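Heads up: the structure comes next, in structure tokens.
Whatever order the structure lists ligands and atoms in, that order sets their numbers, starting from 1. Index from 1, following the sequence. What you are looking at is a predicted structure, and each value in this text was computed from that prediction instead of being measured.
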Amino acid sequence: DACTLSETTSSEITETSQQFLEDVIRGLSQSLRTLPCKYLYDHRGSHLFDAICELDEYYPTRTELNIMRESVDEMAERIGPEAGIVEYGSGSSLKTELLLEALDSPVAYVPVDISDQHLHAAAERMSELFPDVDIIPIHADFTDRVKLPEFPRRSRRISAYFPGSTIGNFTPEEAAGLLGRIAETCHRGGGLLIGFDLQKDVRILEAAYDDAEGVTARFNLNLLERINRELDADFNLEQFRHRAIYNREHNRVEMHLESLKAQSVTVGGREFAFEAGETICTEHSHKYTIDGFSALAASAGLQLAQYWTDPQQLFAVAYLDV
Ligand code: AVI
């Protein structure tokens, strides 16, 4: 039964919140304070992120979907027949649907996601749509090494699918490490189909991460709410504001939470003093050129075979050979 794979025991849950507390204390103790962006995606955070994907200003989701609509047959040809597909993150079932529909006799689909709820919704939907494909959801943090189930023997090769430009949320060093681990998962002869965001006018970028409706601001501030709730902290949400800044040196949008006054906050019994204007960085979203991304992939042993982009060159989807 595929579902038992993702059941979590209560001891695992305690361990996870212990880890959350340690990560938060560590991040807040640094001179430039940070919080790991993976914690943005609790239940409410995942819903807010879905709402971000619908915003006018947030171009990546619809642009990637259009690239898929335009070129999915060529992508499917690259992947080849009787493939096993491992998807990193499963919040993108529409793009995945297009891909599985275009593939020649896919054998297995393995979504890997940190959000149990997203994972199960996606897995259920996919088993209804593709009854002939083995659907094997894995509840895991894919920044760690993911252990795959024994793959059905019929699958000729394993390709990974990593849409959504999530790779941009890692530093280039982390991204190279993650690409290397993905390559190991696929074995030689397989490949990786990956979406990444391209460098562009800073105004477009900053608007995409600081929308007029304030959805991204709520998404970012929700992390403090989550910390208050889960880690017995006392952040005053009225006294922090969302900021999105493009860092030209590192080609990335940075999300920050800025303290509006000098204040102190208690988290898990520890006190942290903030100055007015001091920020906590909650996310990096790196923007690449095709050449830059190709070089990053090459450093992890993956070769760019083909890429597809939109007419305005906002976003790219690439197939990399392992
Ligand atoms: C999930 N990830 C690719 C999004 C991004 O664009 O970096 C997360 C996000 N943060 C704010 N808006 C969207």
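When Tyr307, Tyr288, Phe315 are each tested for a ring pair (Phe, Tyr, Trp, His ring centres under 6.0 Å) with Phe293, only one passes: Tyr288. In summary, of the residues considered (Arg241, Arg243, His256, Glu254), a side chain to side chain donor-acceptor pair (under 3.5 Å) with Thr279 occurs for His256 alone.
Shown in contact with Tyr41 at under 4.0 Å from a heavy atom are these atoms of ligand 1, numbered in order with element: 1 (C), 8 (C). Less than 4.0 angstrom separates some heavy atom of Asn169 from each of these atoms of ligand 1: 1 (C), 2 (N), 3 (C), 4 (C), 5 (C), 7 (O). Per-residue contacts place Gly164 under 4.0 angstrom from the following atoms of ligand 1 (heavy atoms of the residue considered): 3 (C).
Note that the CZ atom of Phe196 and the OG atom of Ser285 stand 13.0 Å from one another [nearest 0.5 Å]. If you take CD1 on Ile67 and CH2 on Trp308, they are separated by 10.5 Å, rounding to the nearest 0.5 Å.
Remark: ligand 1 and Lys287 share no N or O pair separated by less than 3.5 Å (distance only, no angle test). At a 3.5 angstrom cut-off on N or O pairs, Ser165 does not count as close to ligand 1. Every N/O-N/O distance between Thr166 and ligand 1 stays at or above 3.5 Å. Between Glu283 and ligand 1, an N or O atom pair is found at a separation short of 3.5 Å.
Aromatic ring pairs are classed by plane angle as parallel below 30°, tilted from 30° to 60° and perpendicular above 60°; the pair Phe20 and Tyr39 is tilted.
Remark: minimum distance from atom 7 (O) of ligand 1 to any protein heavy atom is reached at Ser285 OG, 2.6 Å. Atom 4 (C) of ligand 1 has Tyr58 OH, 3.4 Å as its closest protein atom, hydrogens excluded (heavy atom only).
Using a 4.0 Å cut-off between heavy atoms, Asp197 makes no contact with ligand 1 at all.
Residues passing the side-chain contact (heavy atoms from CB on, under 4.5 Å) test with Asn251 are Gln199, Tyr246, sequence neighbours excluded.
Residue-environment remark: CD (Glu275) stays at or below the threshold of 12 foreign heavy atoms within 6.0 Å.
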